[in-house]
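First the structure, in the form of structure tokens, and then the observations on it.
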Amino acid sequence: DKTPTWAKSIQGTADPGEFSLLLHHAITFSTPCRFTLPHTYSASNNDKFNIHLYLKSSQDNGVVLFRRASRDTSKFMVLEIVQRRLRFAFNLGGGSREIVSDVEISDGNWHEVNIRRIDRLKFALRIDESHRELNIDAGSSTGGSSILNELDAFNVGGAPPGSGIGALSNEGFVGCLASIEINHEAPDLYSSSVSLCPSVQHGCMDLSCKADTCSNNGKCRIVSNQVTCDCEMTSFTGPQCKDHSNYYFFGKDNKQCGLIKYSIPDQRQRESDKLAFGFRTTNTNAFLTRIEGDSSNNKQYIELRLKDGFI
């Protein structure tokens, strides 16, 4: 199926929203996994070349696109994240050349990436419309234009094993890609002709921690490339630390008292201990918790109480 005309890139646009029409054929790499596009998408004019895509990631290093020539593996083209910045590098016969973005892009937000060949000997990289275009000479080359057509189809999400040249990162991409266009053709990544890995899913799943990901002081963690909330030391539980943990009710009808006693295992080798609990009461004065030393030295203790409404 042909990509609809509205899915083509539009110059001068602002950052797209999550459901913007500019974001089409989005995919998520929840774990590093590489697949190959079914065509090379060569330009009709060998002097022209263009890559356009949107990406969203929080990883420090990872290969986004990679291609090389089968007959001469020293010829290559790669787009990758290196130390949270975007790097475009290539060798079309005039030696290795690279452009590195002057801004970090691994911030969990969508970024628009445009790479174009200005003429036979120059490439340009632009990230978002708000940043300046960076140019690089292709180097002296014999037949640099024809070498573009000698390169194999793009690998998406990583470089083939044993590539050995071109990419600085040996990691695959983790994050979201959308609106991939090569020479103004948009590969249909949802088509059966594209063999996606099991870990690559249609649509964009958020793989970044946000300020509101976890509630009640829960800590957001990326574990096995999944967003999780660590609710330890919060007295809450659940996927986002919103659910109340098991609780005890003391003083039914304000007439009965209760006490829970717990013997802490011997942990003398630890340099520090942490205690967390939650409570709710209308009393202004009350005993909350007390930690005592062992029976041989019961004069040492730490105690928390409510006194006149204050801890």
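Quick caveat: nothing in here was measured; it's all calculated off a predicted structure.
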With clusters defined by side-chain heavy atoms of hydrophobic residues (ILVMFWY) lying less than 4.5 Å apart, directly or transitively, does [Y] cluster with [X]?
X	Y	answer
L304	F310	no
F279	Y262	yes
L55	F35	yes
L134	I136	yes

[X] versus [Y]: any side-chain heavy-atom pair under 4.5 Å?
X	Y	value
P32	E171	no
I311	L306	yes
F173	V63	no
E181	H24	yes
I182	L37	yes
L92	L151	yes

If you count the non-hydrogen atoms of other residues, nucleotides and ligands that lie under 6.0 Å from [atom1] in [X], is the total more than 12?
X	atom1	result
I291	CD1	yes
D230	CG	yes
H202	NE2	yes

[atom1]-[atom2] distance between [X] and [Y], expressed to the nearest 0.5 angstrom:
X	Y	atom1	atom2	value
S215	F236	OG	CZ	9.0 Å
E150	D72	CD	CG	8.5 Å
N114	I127	CG	CD1	10.0 Å

Locate the shortest heavy-atom distance separating [X] from [Y]; write the atom from each residue and the value.
X	Y	result
Q240	T213	NE2-O, 3.2 Å
C204	A26	N-CB, 4.2 Å
F66	A167	CE1-N, 4.3 Å

Discussion item. Under the criterion disulfide (SG to SG under 2.5 Å), I'd like the reasoning laid out for C241 against C229: C-alpha separation, chi angles, the key distance, then a yes or no.
Written reply: CA-CA 7 Å; C241 305; C229 290; 4.9 Å; no
Worksheet entry | Evaluation steps, side-chain contact (heavy atoms from CB on, under 4.5 Å), between I118 and N135 | CA-CA 9 Å; I118 300 175; N135 298 331; 3.7 Å; yes
Worksheet item: Does the side chain of S70 pick up a donor-acceptor pair with the side chain of D152 at under 3.5 Å?
Response: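 Note: S70 and D152 side chains meet the donor-acceptor criterion.
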Discussion item. Does R97 qualify as a cation-pi partner of F90, given the criterion of NZ or CZ under 6.0 Å from the six-membered ring centre and within 45 degrees of its axis?
Written reply: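 No; the conditions do not both hold, so R97 does not lie above the ring face of F90.
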Fill in: Aromatic F76 / basic R68 pairing, under 6.0 angstrom, 45° off normal
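Ring-cation test returns no.
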Worksheet entry | Trace of the side-chain contact (heavy atoms from CB on, under 4.5 Å) decision for T289 with E303 | CA-CA 6 Å; T289 186; E303 186 175 275; over 6 Å; no
Identify every side-chain donor-acceptor pair in residues 79-87 under 3.5 Å, counting partners at least two apart or on other chains, and give the distances.
residue : atom : partner : partner atom : Å
E80     : OE1  : L168    : N            : 3.2
E80     : OE1  : S169    : N            : 3.0
E80     : OE2  : R87     : NH1          : 2.5
E80     : OE2  : L168    : N            : 2.9
R84     : NE   : E104    : OE1          : 3.4
R84     : NH1  : D60     : OD1          : 2.9
R84     : NH2  : S106    : O            : 2.1
R85     : NH1  : D102    : O            : 2.9
R87     : NE   : E98     : OE1          : 2.6
R87     : NH1  : G166    : O            : 2.9
R87     : NH2  : E98     : OE1          : 3.1

Worksheet item: Can you check side-chain contact (heavy atoms from CB on, under 4.5 Å) on I51 and F154, steps first, answer last?
Response: CA-CA 11 Å; I51 298 175; F154 273 105; 3.8 Å; yes
Discussion item. Would E185 and H39 count as a side chain to side chain donor-acceptor pair (under 3.5 Å) here? Give the steps.
Written reply: CA-CA 10 Å; E185 291 189 58; H39 308 294; over 6 Å; no
Worksheet item: What residues, two or more places apart in sequence or in another chain, satisfy side-chain hydrogen bond (donor to acceptor under 3.5 Å, both in side chains) together with T36?
Response: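 By the side-chain hydrogen bond (donor to acceptor under 3.5 Å, both in side chains) rule, T36 matches N155.
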